[in-house]
Asks: 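Below is a structure I'd like to ask you about.
Lettering follows sequence order; numbering is per chain, from 1.
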Amino acid sequence: MPELPEVENIAQGLRHEILKCGVTRMQVIQPAIIRFPRNWRKITKRFVGDNIEQVARRAKRLIIAFTGGGAILIQLGMTGKVLVADADAPVVKHTHVRIRLSNGREVRLIDPRRFGRVWFFAHLDSVHPDAEMEAAGMGRLGPEPFDVTPKKFREILQSSRAVKTHLLDQSRIAGLGNIYADESLFAAGIHPATPAAAIPPAQADKLCRTIKSILRRAIRHGGTTLLDYRNAYGEMGRFLKMLKVYQRTGRPCHVCHTPIQRLVLGGRSSHYCPKCQPLFQKI
DNA sequence: ATTTCATCCTGGAGGC
DNA sequence: TGCCTCCAGGATGAAA
């Protein structure tokens, strides 16, 4: 699903396609996905006439900023897609927002499962989170994985919960989802059920490194398409075939040929190699 | 304060 | 083929 690498790829695609373009209309088809503000109808009108000044990513969220100082924040959820299409191209089912551009194209937010959310900001202050940012929970996000030093990471791991569950907690470290959490733990040789605080320092440092390297590789390969994910051009990610454990239950480990196992932690399936990923115990 | 858990939602998969 | 049930899971907000 759209985790950090997928959102980064969408952001890169959007930068090529829509930067500097003028907004001619902003249309909300499915109001249920708009989380902020309540009177979003007024806000959307204010963007008309602005140009798209910046496309940014924070964790798994996408930010499209306008020259008028406003911005739209998009959280893709499970099945959200952001596509650039010709404005007169057929509109598929579950298209919730359309941002018409001056060049005859448009940005479309498509999300069958509707776990995605959208916030409109009249003014975006990127330095000091204001009330609007707070409404979107941006202040509760943990650091970007690439900004986390080994020392900081060892602090993050001070918790009794399973490390897998902990890595998915966006308030601790922001951007990992189920796929890359499992893959990072495999690369670091750590059992997903290991209590976070029980991980020895050397393994913690290794996990800190593997998280970054897995994310970087996934970004380079266009992210992972299991089913729904598409980049801004509608293309699938190519990282699926590089997955070592995720959704490979029962199939042989690439390293030792032991069957990959599946375990439910915090209500999420975790995939791991029982031989390559020892369970560290004791606090 | 921290952590767990049900909930949102649709489409795809598997059973019969 | 068609119906039914189950399942996937990111983030949230309530509950423990």
Side-chain angles (χ1 to χ4, degrees), chain A residues 1-10 29-36 57-63 73-82 91-97 109-119 133-145 155-185 192-198 211 215 218 223-230 236-237 239-240 243 245-250 260-272 283:
Chain A
M1 318 299 143
E3 304 180 26
L4 187 153
E6 289 75 28
V7 180
E8 179 62 29
N9 270 276
I10 292 171
I29 299 165
Q30 172 55 267
I33 67 160
I34 309 298
R35 290 308 157 109
F36 184 90
R57 176 193 62 76
R58 169 75 172 104
K60 305 175 190 176
R61 303 175 180 203
L62 197 61
I63 301 162
L73 176 63
I74 301 172
Q75 184 166 89
L76 270 2
M78 285 276 302
T79 53
K81 290 185 278 287
V82 177
V91 177
V92 301
K93 200 175 167 185
H94 306 304
T95 299
H96 304 318
V97 177
L109 173 61
I110 302 158
D111 183 11
R113 225 158 285 187
R114 273 204 261 149
F115 280 14
R117 281 118 196 252
V118 171
W119 295 261
M133 292 289 265
E134 198 50 48
M138 291 294 272
R140 289 196 298 274
L141 286 177
E144 288 285 316
E155 291 168 17
I156 288 172
L157 290 181
Q158 292 314 303
S159 165
S160 59
R161 343 139 100 160
V163 59
K164 165 63 183 293
T165 307
H166 205 57
L167 291 178
L168 292 180
D169 185 340
Q170 301 298 300
S171 70
R172 311 303 169 128
I173 183 168
L176 289 171
N178 219 23
I179 297 173
Y180 301 113
D182 278 4
E183 293 297 316
S184 299
L185 287 168
T194 304
I211 286 171
L215 291 175
T224 304
T225 295
L226 294 174
L227 216 59
D228 294 285
Y229 169 68
R230 297 292 186 278
M236 299 197 291
F239 200 70
L240 178 69
L243 298 180
V245 288
Y246 190 77
Q247 289 208 344
R248 293 195 67 248
T249 309
I260 299 300
Q261 289 192 16
R262 179 179 175 273
L263 169 72
V264 175
L265 290 169
R268 306 265 142 66
S269 56
S270 297
H271 313 77
Y272 66 102
I283 299 295

Asks: Answer with base, sugar-phosphate or nothing: what part of the nucleic acid does A:Y246 contact at a heavy-atom distance below 4.0 Å?
Replies: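 The answer is sugar-phosphate, as A:Y246 gets under 4.0 Å only of primed atoms, P, OP1 or OP2.
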
Asks: Please determine if a side-chain N or O atom of A:H94 lies less than 4.0 Å away from the OP1 or OP2 oxygen of B:dG11.
Replies: yes

Asks: Would A:F115 pass as stacked on C:dG10, i.e. its ring centre under 5.5 Å from the base's six-membered ring centre and planes under 30° apart?
Replies: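 Aromatic stack with C:dG10 present for A:F115.
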
Asks: Does OP1 or OP2 of C:dC7 have a side-chain N or O of A:R262 closer than 4.0 Å?
Replies: no

Asks: Which nucleotide in the set C:dA8, B:dT3, B:dG11 lies at the smallest distance from any side-chain heavy atom of A:K93?
Replies: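 Per side-chain heavy atoms of A:K93, the pick is B:dG11.
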
Asks: Looking at B:dC9, C:dT12, C:dA8, which one has an atom nearest to any side-chain atom of A:R61?
Replies: C:dT12

Asks: For the pair made of CG in A:L167 and C1' in B:dT3, what is the distance, rounded to whole Å?
Replies: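 It works out to 15 Å between those atoms.
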
Asks: Can you tell which of B:dG11, C:dG10, C:dA11 lies closest to the side chain of A:N178?
Replies: C:dG10

Asks: Rounding to an integer number of Å, can you tell me how far A:R35 CZ sits from C:dT12 P?
Replies: 9 Å

Asks: Compare the minimum distances between each of B:dG12, B:dT4, B:dT10 and the side chain of A:T165, then state the nucleotide with the smallest one.
Replies: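 Shortest atom-to-atom distance from the side chain points to B:dT4.
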
Asks: With A:L76 as reference, evaluate A:L109, A:D228, A:D111 under the side-chain contact (heavy atoms from CB on, under 4.5 Å) test and give the passing residue.
Replies: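 The option that passes is A:L109.
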
Asks: Return the orientation label for the A:Y180 and A:F239 ring planes: parallel under 30°, perpendicular over 60°, tilted otherwise.
Replies: tilted

Asks: Where is the tightest heavy-atom contact between A:L4 and A:P145, given as atom of each residue plus distance?
Replies: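 Taking every non-hydrogen atom into account, CD1-CD, 3.7 Å.
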
Asks: Find which nucleotide of DNA chain B each of A:R268 and A:D169 is nearest to by heavy atoms, and output the residue with the more 5' nucleotide.
Replies: A:D169

Asks: Distance check needed: B:dT2 P versus A:R161 CZ, whole Å only.
Replies: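 That distance rounds to 10 Å.
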
Asks: Tell me whether the side-chain N/O atoms of A:R114 come closer than 4.0 Å to OP1 or OP2 in B:dT10.
Replies: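 Indeed, a polar side-chain atom of A:R114 lies that close.
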
Asks: Do A:L240 and A:T225 have side-chain heavy atoms sitting under 4.5 Å apart?
Replies: no

Asks: Checking contacts here: which listed nucleotide (C:dA8, B:dT3, C:dA11) is nearest the side-chain heavy atoms of A:Q170?
Replies: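 Minimum distance to the A:Q170 side chain belongs to C:dA11.
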
Asks: In whole angstrom, give the distance that lies between atom CG of A:L226 and atom P of B:dG11.
Replies: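 These atoms are roughly 18 Å apart.
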
Asks: Can you tell me how far the CG atom of A:L227 sits from the OG1 atom of A:T79, to the nearest 0.5 Å?
Replies: 10.0 Å

Asks: Testing the basics here: between A:G175 and A:Q170, what is the closest heavy-atom pair and its distance to 0.1 Å?
Replies: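 Here A:G175 and A:Q170 meet closest at N-OE1, 2.8 Å.
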
Asks: From CG of A:L176 over to C1' of C:dG10, roughly how many Å is that when rounded to an integer?
Replies: 13 Å

Asks: Would you say B:dG12 has OP1 or OP2 under 4.0 Å from some side-chain N or O of A:R113?
Replies: no

Asks: Expressed as a whole number of angstroms, how long is the span from A:D111:CG to B:dG11:P?
Replies: 11 Å

Asks: I need the CZ-C1' distance between A:R140 and C:dT12, as an integer number of Å.
Replies: 8 Å

Asks: Can you check the A:E3 CD to C:dA11 P distance for me, whole Å?
Replies: 9 Å

Asks: Would you mind classifying the nucleic acid contact of A:S269 as base, sugar-phosphate or nothing, using non-hydrogen atoms under 4.0 angstrom?
Replies: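 Sugar-phosphate only.
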
Asks: Among C:dA11, B:dT2, B:dT10, which nucleotide sits nearest the side chain of A:P112?
Replies: B:dT10

